[in-house]
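Report on one structure; see the data block that follows.
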Amino acid sequence: MNRLKRNMIIGVVFVLITGVLSHFLYEWTGNSFLAGLFTPVNESVWEHMKLLFFPMLFYSLILIIASKESYDCLASSLCFGILTGTLLIPVLFYAYTSLLGKNVLALDIATFALSVIWAFWERLPPDSVLQIKAICRITVHSGVSFLSLLFTVYLQTTGSENLYFLHRRIPNLNIITL
């Protein structure tokens, strides 16, 4: 297995674990404002998109710094991976809830896992694509611009109901209580 594939598999595991842990971090920190910027503060779909966005952003930055010389297009690939994975969460959630008429915890977890896998899987372009530097420069700038916009929107809307269609609440099942 080549190094890039191995790093992507590690990334999937990292984001799945940190995403699950960050689901509870806001509560564990006593509703800390700082924790709330990066973790869900309520049970809305919008807030749950943070479960993928911030862990993958963190892992991607480390991977880009460690692998920059090896893969020129890695940054743009990961930027679009973060965007597509994050946006896939509401798409899958609203697709299955519109069909079933309710949300199901197992499907919510599967939605998160599939979105994480998709975000990394789609970021494995053929080696020939990874070497086209001109395309990489253009796409990395647009990818970073979209990520910056989404990051800013997260910071501005944390805990608010500004994006109504994404703030449909997931019932709190209180399965784990501390």
Side-chain angles (χ1 to χ4, degrees), residues 1-29 32 34-41 45-93 105-133 135-155 158 175-176:
M1 179 182 327
N2 73 26
R3 195 174 107 205
L4 182 60
K5 278 188 181 175
R6 187 185 77 240
N7 286 335
M8 293 299 170
I9 292 169
I10 292 168
V12 167
V13 172
F14 175 82
V15 173
L16 287 172
I17 291 171
T18 56
V20 168
L21 291 175
S22 70
H23 184 275
F24 306 103
L25 188 62
Y26 182 69
E27 187 177 322
W28 290 345
T29 61
S32 163
L34 186 59
L37 291 175
F38 303 102
T39 63
V41 299
V45 177
W46 173 255
E47 290 289 323
H48 279 71
M49 291 164 62
K50 292 178 183 178
L51 298 177
L52 185 147
F53 182 82
F54 287 109
M56 188 167 174
L57 180 63
F58 179 73
Y59 183 79
S60 295
L61 291 173
I62 292 170
L63 188 59
I64 290 165
I65 291 167
S67 304
K68 186 148 177 99
E69 287 79 37
S70 302
Y71 304 101
D72 294 311
C73 284
L74 185 61
S76 59
S77 294
L78 289 169
C79 284
F80 285 104
I82 294 168
L83 292 170
T84 58
T86 301
L87 297 176
L88 192 57
I89 290 172
V91 168
L92 292 176
F93 175 79
L105 180 61
L107 293 178
D108 293 343
I109 294 168
T111 294
F112 172 64
L114 287 172
S115 297
V116 171
I117 292 166
W118 177 266
F120 280 100
W121 182 267
E122 282 300 303
R123 299 318 100 209
L124 284 172
D127 287 335
S128 60
V129 174
L130 285 172
Q131 303 309 324
I132 304 172
K133 293 181 180 185
I135 293 173
C136 295
R137 285 189 199 111
I138 294 168
T139 57
V140 77
H141 292 300
S142 58
V144 168
S145 297
F146 283 118
L147 283 180
S148 300
L149 176 64
L150 189 55
F151 183 84
T152 303
V153 171
Y154 270 131
L155 295 181
T158 291
I175 294 173
I176 299 175

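FYI, the numbering just counts along the sequence from 1. Heavy-atom basis, side chains included; hydrogens, waters and symmetry copies ignored.
W28 contributes atom CH2, which lies 7.5 Å from atom CG of L25 (distance to the nearest 0.5 angstrom). To the nearest 0.5 Å, atom NE2 of residue H48 and atom CG of residue D108 are 7.5 Å apart. A distance of 11.5 Å separates OG1 in T39 from CZ in F24, rounded to the nearest 0.5 Å. For the atom pair OG of S32 and CZ of F38, the computed distance is 10.0 Å after rounding to the nearest 0.5 Å. In this structure, SG in C79 is found 9.0 Å from CE in M56, a value given to the nearest 0.5 Å. Within the model, atoms CG of L83 and CG of L88 stand 12.0 Å from one another, a figure rounded to the nearest 0.5 Å.
Panel note: side chain S67, backbone I64; no donor-acceptor pair is recorded below 3.5 Å.
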Quiz: residues 12-22 side-chain donor-acceptor pairs under 3.5 angstrom, not counting sequence neighbours:
residue, atom, partner, partner atom, Å
T18, OG1, F14, O, 2.7
S22, OG, T18, O, 3.1
S22, OG, G19, O, 3.0

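Contact record, L52 with I82: CD2-O, 3.9 Å, taken as the closest heavy-atom pair. Nearest heavy-atom pair, V41 versus G36, reported as atom, atom and distance to 0.1 Å: CG1-CA, 3.4 Å. Across all their heavy atoms, A35 and T29 have their closest contact at CB-OG1, 3.5 Å. The heavy-atom pair separating G81 from A119 by the smallest distance is O-CB, 3.1 Å. Of all heavy-atom pairs spanning S115 and G85, the tightest one is CB-O, 3.4 Å.
Side-chain contact between L78 and M8 is present, with heavy atoms from C-beta onward closer than 4.5 Å. Between K50 and T86, the closest side-chain pair of non-hydrogen atoms is not below 4.5 Å. At a threshold of 4.5 Å between non-hydrogen side-chain atoms, the residues L51 and P40 count as touching.
Listed by chain and residue number, R6, N7, Y59 satisfy the side-chain contact (heavy atoms from CB on, under 4.5 Å) test with I10 (two or more places apart in sequence, or in another chain). Qualifying side-chain contact (heavy atoms from CB on, under 4.5 Å) partners for L114, counting only residues two or more places apart in sequence or in other chains: L92.
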